[in-house]
Asker: 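There's a structure below that I have some questions on.
Here, residue 1 is the first one in the sequence, and each next residue gets the next number. Atoms considered below: every heavy atom in the structure, side chains included; atoms not considered: hydrogens, waters and symmetry mates.
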Amino acid sequence: MNKPVLQNREYKDRLFKAIFGRNTEESKRWRLELYNALNGTSYTDPDALEVNTIENVIYITMRNDISFLLDSEMNLYEQQSTRNPNMPLRGLMYFAQLYQIYLTERDKSLLSSKLVKIPTPKFIVFYNGSENEECRWNLKLSDSFMSEDKSGNFEWTAEVINMNPKCILDNGHATCLDNKQKKCRLPLQKNCKALYDYIRYVYRIKENRRSGMNKADAVGEAVEWAIKESLLNGFFKKQKAEVTGMSLTEFDEEEFKRVCREDGYEDGLADGEARKAIEDAENLLRMNVLTLEQIAQATSLPLEKVRELSGESCIKA
């Protein structure tokens with residue numbers, strides 16, 4: 001089977017990050033809107049959010065989208081189009097770097113005899129894939145432990161919010177995400193129109209694909225529709241080329257991961273599968289379109305093995 005490869009690599013940001021994670025006045029407003037909608041707060045100063053996004057933390061396609069400091073909290077938001085049970089571990093690694101930056105900027109030393117105070121962490125993953133029926137759930141670090149540990153002494157949690165229309169959109173209105181509390185914690189249309197518009201746009205692409213459009217036509221029609229609907233206050237018109245490029249890149253990435261899962265690479269590698277994975281890694285290395293980290297993720301080979309292959313004579317033109 002021929003596997004899809006990532007195109008439009010100049011568009012490195014995800015659309016979610018382009019909307020909420022940039023240092024523009026409109027992005028600042030949307031970011032504050034999103035924070036208020038999630039937390040039930042009513043902050044009015046967009047500059048109260050200190051953006052400290054870090055790029056390419058673990059893999060180039062696995063980076064945190066938005067992290068900002070407000071009062072005494074460190075908030076990390078990330079958008080995902082495929083399920084990933086490793087988000088708590090990734091969050092732990094993200095925050096370790098963010099805290100290192102925080103402490104260095106403030107000349108704080110962990111060797112001090114006084115307790116060093118750090119912002120309280122909060123990690124939210126916005127999921128817009130189609131592989132889970134729940135609307136809101138938690139992923140726990142302890143699920144990754146080799147030996148079961150229910151003590152909670154070493155826990156890290158990622159809260160996942162499903163952005164699929166069945167959870168968010170109901171005839172154009174936000175629906176309740178928190179059924180246990182019998183109230184809506186995320187009334188998107190009312191309190192965060194930017195996220196509501198983003199969800200509508202992504203859903204339009206998915207619907208176009210289901211109707212039989214190829215990816216370019218599906219994205220192109222969705223962009224024109226978003227412009228006509230004036231989503232994000234004209235953002236799609238002003239950033240048409242960039243939005244199109246980012247959307248095509250994200251679709252290629254999602255399709256690439258889907259094919260890898262269907263081929264069984266994520267379920268463990270037997271001897272025959274390992275040989276196939278090595279062959280695929282060698283082919284991807286020859287194509288020179290993915291990073292070593294991306295190839296390791298796509299083939300389920302250890303990164304060390306991919307690095308080894310990248311320097312071997314078998315990767316000849």
Asker: Could you work out, with salt bridge (Lys or Arg N to Asp or Glu O under 4.0 Å) as the rule, every residue matching Arg210, not counting sequence neighbours?
Answerer: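 Glu207.
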Asker: Stepwise, does the side-chain contact (heavy atoms from CB on, under 4.5 Å) test hold for Phe235 with Leu15?
Answerer: CA-CA 11 Å; Phe235 174 82; Leu15 179 58; 4.0 Å; yes
Asker: List the atom pairs, with distances to 0.1 Å, where a side-chain N or O of residues 40-50 and a protein N or O form a donor-acceptor pair under 3.5 Å, not counting sequence neighbours.
Answerer:
unit_1	atom_1	unit_2	atom_2	d
Thr41	OG1	Asn36	OD1	2.7
Tyr43	OH	Asp71	OD2	2.5
Asp45	OD1	Asp47	N	3.0
Asp47	OD1	Lys28	NZ	2.9

Asker: Given side chains that start at C-beta, do those of Tyr94 and Ser67 come closer than 4.5 Å, heavy atoms only?
Answerer: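 Counting from C-beta outward, Tyr94 and Ser67 never come under 4.5 Å.
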Asker: When you measure from the side chain of Thr104 to the backbone N and O of Ile101, does any donor-acceptor pair fall under 3.5 Å?
Answerer: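 Flag not set: sc Thr104 to bb Ile101 has no pair under 3.5 Å.
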Asker: Strictly by salt bridge (charged side-chain N to carboxylate O under 4.0 Å, His left out), give each pair with a member in residues 216-234 just once, sequence neighbours left out.
Answerer: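 Qualifying pairs: Arg200-Glu229, Arg204-Glu221, Glu224-Lys240.
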Asker: Are the side chains of Val160 and Gln80 in contact, using a 4.5 Å heavy-atom criterion?
Answerer: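 No, side chains not in contact.
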Asker: Excluding sequence neighbours, so at least two apart, what forms salt bridge (Lys or Arg N to Asp or Glu O under 4.0 Å) with Glu155?
Answerer: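 Result, salt bridge (Lys or Arg N to Asp or Glu O under 4.0 Å) vs Glu155: none returned.
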Asker: Rounded at 0.5 Å granularity, tell me how far CD1 in Ile19 sits from CZ in Phe236.
Answerer: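 Ile19 atom CD1 to Phe236 atom CZ measures 5.5 Å (nearest 0.5 Å).
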Asker: Thr157 versus Glu159: any side-chain heavy-atom pair under 4.5 Å?
Answerer: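 No, every pair of side-chain atoms sits at 4.5 Å or beyond.
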Asker: Side chains of Asn86 and Leu139: does their closest heavy-atom pair fall under 4.5 Å?
Answerer: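 Asn86 does not reach Leu139 side chain to side chain.
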Asker: Tell me whether the centres of the aromatic rings in Phe126 and Phe16 are closer together than 6.0 Å.
Answerer: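 Between Phe16 and Phe126, which both carry aromatic rings, the centre distance is below 6.0 Å.
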Asker: At what distance, to the nearest 0.5 angstrom, does NZ of Lys193 lie from CG of Leu34?
Answerer: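 Atom-to-atom, Lys193:NZ and Leu34:CG are 14.5 Å apart.
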Asker: Give a yes or no on whether the backbone of Leu231 and the side-chain of Asp197 come within a donor-acceptor separation of less than 3.5 Å.
Answerer: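 Not confirmed, Asp197 side chain does not pair with Leu231 backbone.
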Asker: Name all pairs fulfilling the salt bridge (charged side-chain N to carboxylate O under 4.0 Å, His left out) condition that reach into residues 138-149, sequence neighbours left out, sorted by first residue then second.
Answerer: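 Residue pairs passing salt bridge (charged side-chain N to carboxylate O under 4.0 Å, His left out), neighbours aside: Glu148-Lys150.
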Asker: Does some side-chain heavy atom of Tyr203 sit less than 4.5 Å from a side-chain heavy atom of Asn128?
Answerer: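 Answer no - side chains too far apart.
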Asker: Please name the pair of heavy atoms, one in Ser247 and one in Val219, separated by the smallest distance, quoted to 0.1 Å.
Answerer: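 It is CB-CG1, 3.7 Å.
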Asker: Under a 3.5 Å cutoff, is there a donor and acceptor pairing between the side chains of Asn39 and Lys122?
Answerer: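 Present: a donor and an acceptor within the cut-off.
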Asker: Are Leu110 and Tyr99 side-chain neighbours, meaning at least one heavy-atom pair lies under 4.5 Å?
Answerer: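 SC-SC contact between Leu110 and Tyr99 ruled out.
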Asker: Please name the pair of heavy atoms, one in Trp156 and one in Pro88, separated by the smallest distance, quoted to 0.1 Å.
Answerer: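 Trp156 and Pro88 have their closest heavy atoms at CD1-O, 3.1 Å.
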Asker: Got more than 12 heavy atoms from elsewhere within 6.0 Å of NZ, Lys108?
Answerer: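 Atom NZ in Lys108 is not packed in, count stays at 12 or less.
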Asker: Could you grab the distance from atom OG1 of Thr120 to atom CD of Glu73, nearest 0.5 Å is fine?
Answerer: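 With rounding to 0.5 Å, OG1 (Thr120) is 6.5 Å from CD (Glu73).
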Asker: With Ser144, which residues qualify under side chain to side chain donor-acceptor pair (under 3.5 Å), at least two apart?
Answerer: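 Partners of Ser144 by the side chain to side chain donor-acceptor pair (under 3.5 Å) criterion come out as none, since no residue qualifies.
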Asker: Using a 4.5 Å cut-off on heavy atoms from C-beta on, say whether the side chain of Leu92 contacts that of Phe154.
Answerer: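 SC-SC contact between Phe154 and Leu92 ruled out.
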Asker: Can you measure from CG (Leu98) to CG (Leu69) and round to the nearest 0.5 angstrom?
Answerer: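 It is 10.0 Å, given to the nearest 0.5 Å.
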Asker: For the pair Val243 and Tyr201, evaluate side-chain contact (heavy atoms from CB on, under 4.5 Å) and give the outcome as yes or no after the intermediate values.
Answerer: CA-CA 11 Å; Val243 168; Tyr201 169 73; 3.7 Å; yes
Asker: Under the ring-ring contact (aromatic ring centres under 6.0 Å, His included) test against Tyr77, which residue among Phe20, Tyr127, Phe68 passes?
Answerer: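 For Tyr77, the ring-ring contact (aromatic ring centres under 6.0 Å, His included) check succeeds only for Phe68.
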Asker: With distance as the sole test, does Ser72 use its side chain to make a donor-acceptor pair with the main-chain N or O of Pro119 at under 3.5 Å?
Answerer: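 Here the side-chain-to-backbone pair does not exist.
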Asker: Roughly how far apart are Ile118 CD1 and Leu103 CG, rounded to 0.5 Å?
Answerer: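 If I round to the nearest 0.5 Å, the distance is 7.0 Å.
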Asker: Please tell me whether Arg31 and Tyr35 have a donor and an acceptor in their side chains that are separated by less than 3.5 angstrom.
Answerer: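 No.
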Asker: Can Gln97 and Met93 be said to form a side-chain contact (heavy atoms from CB on, under 4.5 Å), step by step?
Answerer: CA-CA 7 Å; Gln97 295 193 45; Met93 299 175 74; 5.6 Å; no
Asker: Do Leu195 and Met163 make a side-chain contact, defined as non-hydrogen atoms from C-beta onward lying under 4.5 Å apart?
Answerer: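 They are in contact (side-chain heavy atoms under 4.5 Å apart), so the answer is yes.
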Asker: Walk me through it: do Met87 and Glu78 pass the test side-chain contact (heavy atoms from CB on, under 4.5 Å)?
Answerer: CA-CA 10 Å; Met87 295 306 293; Glu78 183 164 0; 3.4 Å; yes
